[in-house]
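Notes to accompany the following structure.
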Amino acid sequence: MGAGVLDSSSPGGGTAANMGTQTFGGACKDSLMLSFIQQLREAEIPISVRYILEFYRGLQKGLAPDLDRLFLLARLVFIKNVEHYDVFERVFAHFFLGKGSWQMPDWEEVFAGKPFQEWLREQLENGAISAEELRTYGIEELLRQFWETLLAQTGQHDGGHTWIGTGGRSPFGHSGHVGGGMRVYGRGLHGTAQKVIDKRNYINYSEKSPLARENVSQILASLKNLKRAGPETELDIDETIARTAKNGGEIELVFAREFRDRLKLTVLLDNGGYSMIPYLDLVKSVFGKIRDHFKDLKYYYFHNCLYGVVYQDLPRTRAIPWEAFVSQGSDTHLIIIGDANMAPFELMAANGSLYIQGSDRRPGREWLKELRAAFPASVWLNPIAKERWSKESVTINRIARIFPMEDLTLAGIRNAVQILGRKR
Amino acid sequence: MEFEGTERYYLSPELGEIVNISISMEKPLLLMGEAGTGKTRLAFEIARAFGINMEEARCKSTFKGEELCYVYDTVLRLNDSRFGSGESGRNVNDIWDYLRFGPIGRAFLAEDRRVLLLDEIDKTDSDTQDNLLDVLEDGSFTIREINHKVAAQHMPIIIITSNAKRELSDPFLRRCFCHYIPFPGPEEISIIVRLHFPDIAEQLLEACLTEFYRLRGQGFEKPPATAELLDWIGAVRSSGGNGPGAGKAVRHIGTLLKRSQDLLKFKGVNQKTQFR
C-alpha cells in the first residue's frame, strides 16, 4: 500500500488494521474472482485460460478500482459476442449485487465465508461501519462495500486516491446517501454498471446456446472452395521472368487471377411451429458455427413447409419473392434445416398451406421439387435422428425422396458436406 | 494517458473507460454496432485528444492483409531495370527503394506512438483477419522478399471497427477487446445534436427527436442514424418554417430515408401485397 493510505484521516487509523486488510485482500479475492469466473462458465460463456490471465493482469494494473470498472473490464476480457452481453450482465448483477436469479444464490456461503466475516469484523472494529449503520444497510449495500473494499485493495495505490483516507470520497460512513436503494460508487462513472444492467440493452441479442461441438465448424470448413476468380491483378513473377527471358530481356508482364473463396451458401431454417422447438438449440449451435466460413452466407426462414415464400428475418415478417430466392440457385449451396415433420395434407394437398392469406394453389411437394431443381447443390438436414424418421412422420421419407436428407449429427453433417461437394 | 473525449465529440463515460482499459492493457479494441454510432470517429478523436498521429486503413474485400504492412512494387522495379529509373533516384539494386509501407508498417516504424485504425474489418476475408492478427499481436511482420523483420517501436493504439456484415472469426474476437455500441438513446443523442447545433431550440429538438425515434422504430431497411438525423435537422433549420412536421408530412424525408423501398414504405405503398 502506498503512503497515501496511511493518511491521518484514515477511518480506523492504525497501520495494523491496514496491514490486515491487505493480506486478506490478495488470496481471498482470488478465490472469489475465480468463483465469479466459474459462474460465467456455468452460464455457458466460453472462457479460456488466456482470458483469466488477462483479467488478473487488468486487476493488478488497478483497472478495476470500483464495481463499474470491474464490470467493464470483465466484459471486455470475457465477452466477445454481443449475444452474451445479456447473460453476462445477469451473472454480474447476481454475483456482485445480489440481484435477480442467476440460478443458485450462494449468499449463505459468501456471508458465512471467512473473507466476508473477517472483513465485517474489521469494519466494525475500526469503526468504518458502526453497529447502528449495519442495521440500516441492506444486504446489497453490505455486499457492495465488501466488493469495493476488495477491489480497491489490489491495484496500484497512487497517492491519496484509494478509498481509505480520501475523506469525503470514502464510500464508508455515507449511509445517509444510500437511501435503501442501490448505489454503485465510482469516480466519474456513477452507476454505469447498475444503469446498464437495469436497461438490459442486449436482451434481443441473447441466444442461450453457446456452441459445444467444436468439430462441426471444421467439417463445414471443408466446404471451402478456392477458385481463381476476379480480375487478373496478381503478377505471376515466375511466368513473367520466363517469358521475359525468352523475349531476350524485353519485359513481358504476366498476370493471373487470385485465389479466392467464392462459395455461396444459403441456409433455410424452419423456425416455426411446435414441431421444431425441441431441436432449436441443436440447430442454433450448428448455425453459429458455420457463419464465418463462407464468402457469402445468407439465412432465410420458413415455417413447416415451403409455399412459394421464404422470409429474411426470424419473426418471418419480411418476405422475399420466390423468384428472387430461386434465381440465385445454380452457383449457391443450399442447406435446409427442418424436421420435415408436417401433416401429410400440408405436403400433398393443393391449398395445403396453413395460412389463409397465402393464395398458393400448389401442394407443398411441388414447391419443394421446384426448389430442388433450382439448387442442384442442396441438402436437407433433419434434427430428428435418422433411425426415427419413419416413426416420427410419413412426410419425412417423402421429402427425403426430393432432397438428399441427413440428420443433424456429426456423421450426418459430414455426409451432407460430401453431397454438396459432389454436386458442385 | 487518460482519454476523456473532445469538445466536438460526445463520449459516453462507459466508452471512455473502455478506451482507457484497452490502452492500458495494450489490446486492440474492436468496436461493433450499426452505422452512425461513431465507431470510426472515435479513433480520430483518440488521436486528437492525445495529440498523436494516426494511421488509417479502410478495409476492402480484396485485401489480403500484407498490403496493410507493405507493398513490394515488382512492376516498377522491372520497369526500372529495363528502362532505367531516370531521375527518380531509385536504385534498381536496392530493394528498399521499391518497398512501400502500408498503414500498419508506418505505425510500427514510426518514432512516436500512433493510433492505428482498421476500419470495417468485416469486409475482409477471414484468412486476412487471421493474418492481421498475428501481425498485430506480435507487433511485427516480416518482409518476405528479403526476410527482414519489422518490429513496432511503439505498440500503436489499435482501434478496429466492424459493421457486422459478416461475423468475425472466433480467434479474431478472442484476441481483441470487443465492445458493442448500442444506438444512443434520446438523452445521449440530444447531447450530440447540441454539439453540432448549439443554439437549437428546445422545442424543435424535442419534436425532431420524437419523430426520429418513431421512424427508427418502423423497421426500415436502413433506419435513419445519427448522421441522417444531423443532416435532417440541418435541412429543417435552414429551410425555415416551423417544426419538422410529423407523420406523413415529415419535411425533407429524403435526408432521413435513403433507400427507395424505405421511401415507398414511408409513403404508404404496401410492398408485401406485391409479393403475393
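Just so we're on the same page: letters track the sequence lines, and every chain starts at 1.
- Once rounded to the nearest 0.5 Å, the distance linking CD of B:E26 with NZ of A:K61 reads 6.0 Å.
- Within the 4.5 angstrom heavy-atom criterion, no atom of B:L30 approaches chain A.
- Under the 3.5 Å distance criterion, the side-chain polar atoms of A:K80 are matched with a main-chain donor or acceptor of B:C176.
- Once rounded to the nearest 0.5 Å, the distance linking CG of B:L173 with CD1 of A:I79 reads 12.0 Å.
- Residues meeting the salt bridge (Lys or Arg N to Asp or Glu O under 4.0 Å) test with B:D134, sequence neighbours left out: B:R175.
- Side-chain contact between B:M25 and A:F55 is absent, with no heavy-atom pair separated by less than 4.5 Å.
- Proximity to chain B is absent for every atom of A:F78, based on heavy atoms less than 4.5 angstrom apart.
- Between A:Y85 and B:H179, the closest heavy-atom pair is OH-CA, 3.3 Å.
- Put simply, the side chain of A:R75 does not reach to within 4.5 Å of the side chain of B:Y180, judged on heavy atoms.
- Proximity of A:V77 to B:I21: side-chain heavy atoms (C-beta onward) are nowhere separated by under 4.5 Å.
- Exactly one of A:L73, A:L76, A:L72 qualifies for a side chain to side chain contact (heavy atoms under 4.5 Å, CB included) with B:E17. That residue is A:L72.
- With sequence neighbours left out, B:S190 forms a side chain to side chain contact (heavy atoms under 4.5 Å, CB included) with B:L205, B:L209.
- Going from atom CG of B:L78 over to atom OG1 of A:T240 covers 7.0 Å, rounded to the nearest 0.5 Å.
- The environment of CG in B:D94 is crowded: more than 12 heavy-atom neighbours from other residues, nucleotides or ligands sit within 6.0 Å.
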